[in-house]
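Since the structure comes first, as structure tokens, the remarks are kept for the end.
Chain letters run A, B, ... following the sequence lines, proteins first and then strands; every chain starts at 1.
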Number of protein chains: 2
Amino acid sequence: MSDRPLQEPTLLLLTALADEPRHGYGLIQEIDAISHGRVRMRTGTLYGALDRLLQQGLIEVQREEVVDGRARKVYALASAGRSTLAAETARLRSVVEEAERRLAGRRASAARPKGALA
Amino acid sequence: MSDRPLQEPTLLLLTALADEPRHGYGLIQEIDAISHGRVRMRTGTLYGALDRLLQQGLIEVQREEVVDGRARKVYALASAGRSTLAAETARLRSVVEEAERRLAGRRASAARPKGALA
DNA sequence: CCTATATATATCGGCAACCGTCATATGATG
DNA sequence: CATCATATGACGGTTGCCGATATATATAGG
């Protein structure tokens, strides 16, 4: 039950499952597409993350099938995964926007310390 | 020289330095403000990350000062840190937007696999 | 026939980042 | 004198990520 923020590979996994269920290898390809080729997820990361996410109840095995003699497990985003993804997305968005504001030179939302100096 | 994506605490650190230089303890407070109280950065995370970021040349020690008998080191965002933050921000923004699109039910940008099925 | 490539799942060991805790020190407040 | 806020720092444990490796089938090429 770690409340720790999702790391990027995990975030991409949930995102890749957000539109439709996919199997492991398909997730690798989808993440490649989402990230415009910048993230090539390794199987070591993938199956470790899938196990973890299954255990946390964020995803579930929708079905198992055999296509062209090759076995597949098809994973789907569970409702807990959907709300977690939504929450993480909102949180990340606010961090990203704050960073952009500061990079643009504008001082924003974050309160300045009370005993502030010159 | 790790090309690995920044994790959130690190991203928050750079963001907190993006408007003006700050000392360690001030960074903890600023991150608390940026995250609306949701992230209480621990000193163990802070000083480890500061050492790492210094070594990577993303931040630098601007000056050391003594205020009310307490020693401070004031850290500033280096230019490499500024461009790294900009790049990470842009990348994260695109992931966040893709996740939002999918959560909203619209299929988007990511290409569907060539040999796609029904 | 053999080999390489694409598809597909899975395990193992190592590393780096993060976190909780403890230690240290000063100044202000009660 | 104790406690809290300020302030820096070290240490050890946990965990997520990654590279490498193993297994297996289908297809294409030499």
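Atom CG in B/Leu50 sits about 13 Å away from atom C1' in D/dA7, given to the nearest Å. As rounded to whole Å, 13 Å separates atom C1' of C/dA10 from atom CD of A/Glu64. Residue A/Met41 contributes atom CE, which lies 16 Å from atom P of C/dA10 at whole-angstrom precision. Between the CZ atom of B/Arg63 and the P atom of D/dA7 there is a distance of 13 Å, rounded to whole Å. Distance CG (B/Leu6) to P (D/dC17): 15 Å, rounded to an integer number of Å. Following rounding to the nearest Å, B/Gln29 (CD) and D/dT8 (P) show an atom-to-atom distance of 10 Å. Between the CZ atom of A/Arg72 and the C1' atom of C/dT7 there is a distance of 8 Å, rounded to whole Å. Across the protein-nucleic acid pair, B/Tyr47 atom OH and C/dT21 atom P stand 18 Å apart, rounded to whole Å.
With A/Thr89 contributing its side chain and A/Leu85 its backbone, the two residues share a donor-acceptor pair below 3.5 Å. Counting only distance, with no hydrogens or angles, the side chain of B/Thr15 and the backbone of B/Leu11 share a donor-acceptor pair below 3.5 Å. At least one donor-acceptor pair closer than 3.5 Å links the side chain of B/Arg22 to the backbone N or O of B/Ala16. Using modelled atom types, no side-chain atom of B/Arg93 and backbone atom of A/Val96 make a donor-acceptor pair closer than 3.5 Å.
Each of A/Asp68 and B/His23 was assigned the nucleotide of DNA chain D with the nearest heavy atom; the assignment lying further toward the 5' end belongs to B/His23. The residue among B/Thr43 and B/Arg52 whose nearest nucleotide of DNA chain C lies closer to the 5′ end is B/Arg52.
Between B/Lys73 and D/dA7 there is no side-chain polar atom (N or O) within less than 4.0 angstrom of OP1 or OP2. At least one side-chain nitrogen or oxygen of B/Thr45 sits closer than 4.0 Å to the OP1 or OP2 atom of C/dC19. Dashed line: the shortest gap from a side-chain N or O of B/Arg70 to OP1 or OP2 of D/dT6 is not under 4.0 Å. Contact between the side-chain N/O atoms of A/Arg40 and the OP1/OP2 oxygens of D/dC18 is not found at any separation under 4.0 Å.
Nearest nucleotide to the B/Gln7 side chain, out of D/dA7, D/dA10, C/dC18: C/dC18. Comparing atom distances between the A/Asp51 side chain and each of D/dC18, C/dC18, C/dT11 picks out C/dT11 as nearest.
Residue B/Gly24 is classed as a sugar-phosphate contact, given heavy-atom separations below 4.0 Å to backbone atoms only. Among the heavy atoms of the strands lying under 4.0 Å from B/Thr10 are primed sugar atoms or P, OP1, OP2 only; no base atom is included.
With respect to A/Leu6, the side-chain contact (heavy atoms from CB on, under 4.5 Å) criterion is satisfied by exactly one of A/Thr84, A/Leu92, A/Leu12: A/Thr84.
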